[in-house]
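Report on the structure given below.
Both counts, for ligands and for their atoms, begin at 1 and track the order of listing.
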Amino acid sequence: MSEGATTAAHDVLLVGGGAAGLRAAIAIAETRPDLDVAVVSKVYPMRSHTVSAEGGAAGVMADDDSIEEHIYDTISGSDWLGDQDAIEAFVNEAPRELLQLEHWGCPWSRQDDGRIAVRAFGGMKKMRTWFAADKTGFHMLHALFQTSLKYRAVKRYDESFVTRLLVDEGRVYGVVSVELATGRIRAITAKAVVLATGGCGKVFPFTTNANINTGDGMALAYRAGAPLKDMEFVQYHPTGLPFTGILITEATRAEGGWLLNKDGYRYLQDYDLGTPTDKPTLRSMELGPRDRLSQAFVHEVEKGRTTDSPWGPIVHLDLRHLGAKLIDTKLPMVRELCLQYERIDPVTDLIPVRPVVHYMMGGVHTDIDGRAGLDGLYAAGETACVSINGANRLGSNSLPECLVFGARAGRAAAEDAAAAPAPPAAIAAQVSDETRRLEHLLARDTPLDDGVARIREELQTTMEDAAGIYRTGPSLEKGADTFQALRERVGAVGVRDTSPSFNTELVAALELENLIDIGECILRSGLAREESRGAHQRTDFPKRDDERFLVHHTVRRDHDGNPSVDRLPVTITRWPPGERTYGR
Ligand SMILES: Cc1cc2nc3c(=O)[nH]c(=O)nc-3n(C[C@H](O)[C@H](O)[C@H](O)COP(=O)(O)OP(=O)(O)OC[C@H]3O[C@@H](n4cnc5c(N)ncnc54)[C@H](O)[C@@H]3O)c2cc1C
């Protein structure tokens, strides 16, 4: 690594090769074929977390559904914190994007008459979730990846880790990256950069997210001075496998699965899920919103009605009554995951589950075209917060969000890059700085009794204790205090492995720096929000408080390097705040 940095130059640079990054790349290649586009990804694109999405992607399609209803479900699901102009654009454009994917080769599951099949999903009052069995993310990503290959203008830097944005006078001009196979540091300049780095589930100990989901793009933007938004809203998914956190998709409940406590009782009937029980429901109570289901689990623990496991309390998901035929045709991956990771067969056995962190509603603050807080900087997908998800995302809205806003960010970045100035010479000094910083990290002695893995584990438990399903002011304060000490340890940590090739310890150390920034932003934003809304439940402020908190929180790094929280109005157009209800 001591040989100094090499340099490459492109017009537009995408950081991330998941659904959002690849959709943006295609949009750029289609809108401005004259531009040179690069996709940098820390893993091979097909290994991005999108690949593991199981359940499906929402878009209005059925005759008995309407754009208005999908908009309303999303606004209500967001507990009125989603921006209504963004939600309207999203719902309008999602069906077109999903159909486009079909034309690019995505094999959507069909009804018997050949029309595209849709399934019910939590918090959606109509069936509007398109799916490709329970491997939706795999098929979507495959279709996008193959399509991106046909554009010569799209170059790729696979297995390259971006460590810093290059910024001069408020404009972003590219990144510094480490090529993982060789350890070579490479500056990649561009006239516009789109961050599409996905979520940050790894800030918590139990998560459905891949190990690579460490909030890198959010941290890159934050350190460069761009604001993050809605960071206090972290979604738990009620059904993850207890040890690994592997997701058992909501589609299991959409197909009729039940949640049972230790007495074999469908305990959700004892809780207010916002579903009117006096009316016939399209779906079972198990399809209430994710936050309410996760909260019900905590109450079951308190009542002593859960089963103990080595990984803490659990409940069971029962699919046995669905039968082998349905499970094999509509939920084949669930059966495969259970057999391989738990040695159980859902056709005959109960599946042990617990709530696990699943999705980040917050992220890099953007406008409706992905513009982030610095010129030339864009964000899309889970790393961005536009915000359509507000305080709580509805399942199956995220994949189409990646498509709609990936395409929008791509088009806007292309126009911007076509008119932007060339990167100035001044950024060379930043590249040298970053090269020195990385070399220092490799040269620094790490205390023998400490290290990346230990600090990361403590960071994750601190987050769970401070900002789990339920939070309080004191728990968040305590977490923030612990973070001060953790930050000092992160600052002192070195990397023992000095090999240039696939240095996973170096990658883990860089990711840890990102986790600590993101975790702190979550805690500080959570402390500032003295109310309960969607996924942010404070037992010391149990009610939603529209008078004081119908606002987004943005968080920015101040001059001393500390997070500083500010407020931003929520865009309300046609749907005034109301009560959040589900079912019909
Ligand atoms: C298990 C699981 C199941 C899900 N199921 C559904 C579902 O059924 N329906 C739904 O709507 N949503 C679902 N979601 C959510 C949805 O899949 C994600 O929000 C979405 O796929 C995120 O896509 P993305 O393009 O934003 O990021 P990702 O797919 O996570 O891709 C991130 C990319 O950024 C790159 N990257 C990250 N950091 C760096 C760095 N420092 N340098 C270089 N590259 C970097 C990675 O290599 C990767 O290519 C699910 C999520 C999980 C975890």
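- Heavy-atom distances between N397 and ligand 1 reach below 4.0 Å in at least one pair.
- Formation of a donor-acceptor pair under 3.5 Å by the E382 side chain with backbone atoms of Y359 is not found in this model.
- Side-chain polar atoms of H358 and T208 form a donor-acceptor pair below 3.5 angstrom.
- For ligand 1 and G198, the ligand atoms under 4.0 Å from any heavy atom of the residue are 26 (O), 27 (O), 30 (O), 32 (C).
- The closest approach between any non-hydrogen atom of R393 and ligand 1 is below 4.0 Å.
- With ligand atoms numbered from 1 in the order given, ligand 1 contributes 44 (N) to contacts under 4.0 Å with heavy atoms of V40.
- Annotation for ligand 1: atoms under 4.0 Å from non-hydrogen atoms of N209 are 53 (C).
- The closest protein non-hydrogen atom to atom 9 (N) of ligand 1 is G56 O, 2.7 Å.
- For S160, the closest heavy-atom approach to ligand 1 falls below 4.0 Å.
- Looking only at atom types and distance, the side chain of N514 has a donor-acceptor partner in the side chain of D216 under 3.5 Å away.
- Side chain to side chain, E401 and N389 meet the donor-acceptor criterion of an N or O pair below 3.5 Å.
- Ligand 1 lies within reach of A19, whose nearest heavy atom is under 4.0 Å from it.
- Of the listed residues (A210, C402, G18), the one carrying the non-hydrogen atom nearest atom 22 (C) of ligand 1 is C402.
- Looking only at protein heavy atoms, the nearest one to atom 42 (N) of ligand 1 is V162 N, 2.9 Å.
- In this structure, of A196, A219, G215, G21, the residue bringing a heavy atom nearest to atom 33 (C) of ligand 1 is A196.
- Remark: the K202 side chain and the N209 side chain contain no N/O donor-acceptor pair separated by less than 3.5 Å.
- Heavy-atom proximity to G55, at under 4.0 Å, picks out these atoms of ligand 1: 8 (O).
- Evaluated by nearest non-hydrogen atom to atom 18 (C) of ligand 1, the leading choice among R23, E382, E511 is E382.
- Taking a cutoff of 4.0 Å between a charged side-chain nitrogen and a carboxylate oxygen, R290 and E250 qualify as a salt bridge.
- The protein atom (non-hydrogen) at minimum distance from atom 10 (C) of ligand 1 is L399 CG, 3.4 Å.
- Residues E159 and S41 have side chains that never bring a donor and an acceptor to within less than 3.5 angstrom of each other.
- A53 CA, 3.5 Å is the protein heavy atom nearest to atom 4 (C) of ligand 1.
- Of the possible polar contacts, one joining the R253 side chain to the E286 backbone as a donor-acceptor pair under 3.5 Å is found.
- Of the protein's non-hydrogen atoms, H49 NE2, 2.6 Å is the one closest to atom 52 (C) of ligand 1.
- Annotation for ligand 1: atoms under 4.0 Å from non-hydrogen atoms of T208 are 1 (C), 53 (C).
- When only modelled atom types and interatomic distance are considered, S396 and T129 share a side-chain donor-acceptor pair under 3.5 Å.
- Among protein heavy atoms, the minimum distance from atom 15 (C) of ligand 1 is reached at S398 OG, 3.7 Å.
- Using a 4.0 Å cut-off between charged nitrogen and carboxylate oxygen, R436 and E439 do not count as a salt-bridge pair.
- Checked against the 6.0 Å centroid criterion, the rings of F206 and Y236 do not qualify as a close aromatic pair.
- For the residue pair H70 / N397, a side-chain donor-acceptor distance below 3.5 Å is found, with atom types taken as modelled.
- Under a 4.0 Å criterion applied to the non-hydrogen atoms of G381, ligand 1 contributes the atoms 26 (O).
- In the vicinity of V43, heavy-atom distances shorter than 4.0 Å reach the ligand 1 atoms 47 (O).
- When non-hydrogen atoms are compared, ligand 1 lies under 4.0 Å from neither the backbone nor the side chain of E401.
- Side chain to side chain, H365 and D230 fail the donor-acceptor criterion of an N or O pair below 3.5 Å.
- A heavy-atom separation below 4.0 Å is not found between G137 and ligand 1.
- Put simply, no part of A57 is less than 4.0 Å from ligand 1, judged by heavy atoms.
- Without hydrogens or angle criteria, D73 side chain to K125 main chain gives a donor-acceptor distance under 3.5 Å.
- Ion pairing of K155 with D36 is present here, as a side-chain N (NZ or NE/NH1/NH2) and a carboxylate O approach within less than 4.0 Å.
- Residue-ligand proximity, L247 to ligand 1, at heavy-atom distances under 4.0 Å covers atoms 1 (C), 2 (C), 3 (C).
- In terms of polar-atom proximity, S48 is counted as a contact of ligand 1, with an N or O under 3.5 Å from an N or O of the ligand.
- Under 4.0 angstrom from ligand 1, the non-hydrogen atoms of D216 all belong to its side chain.
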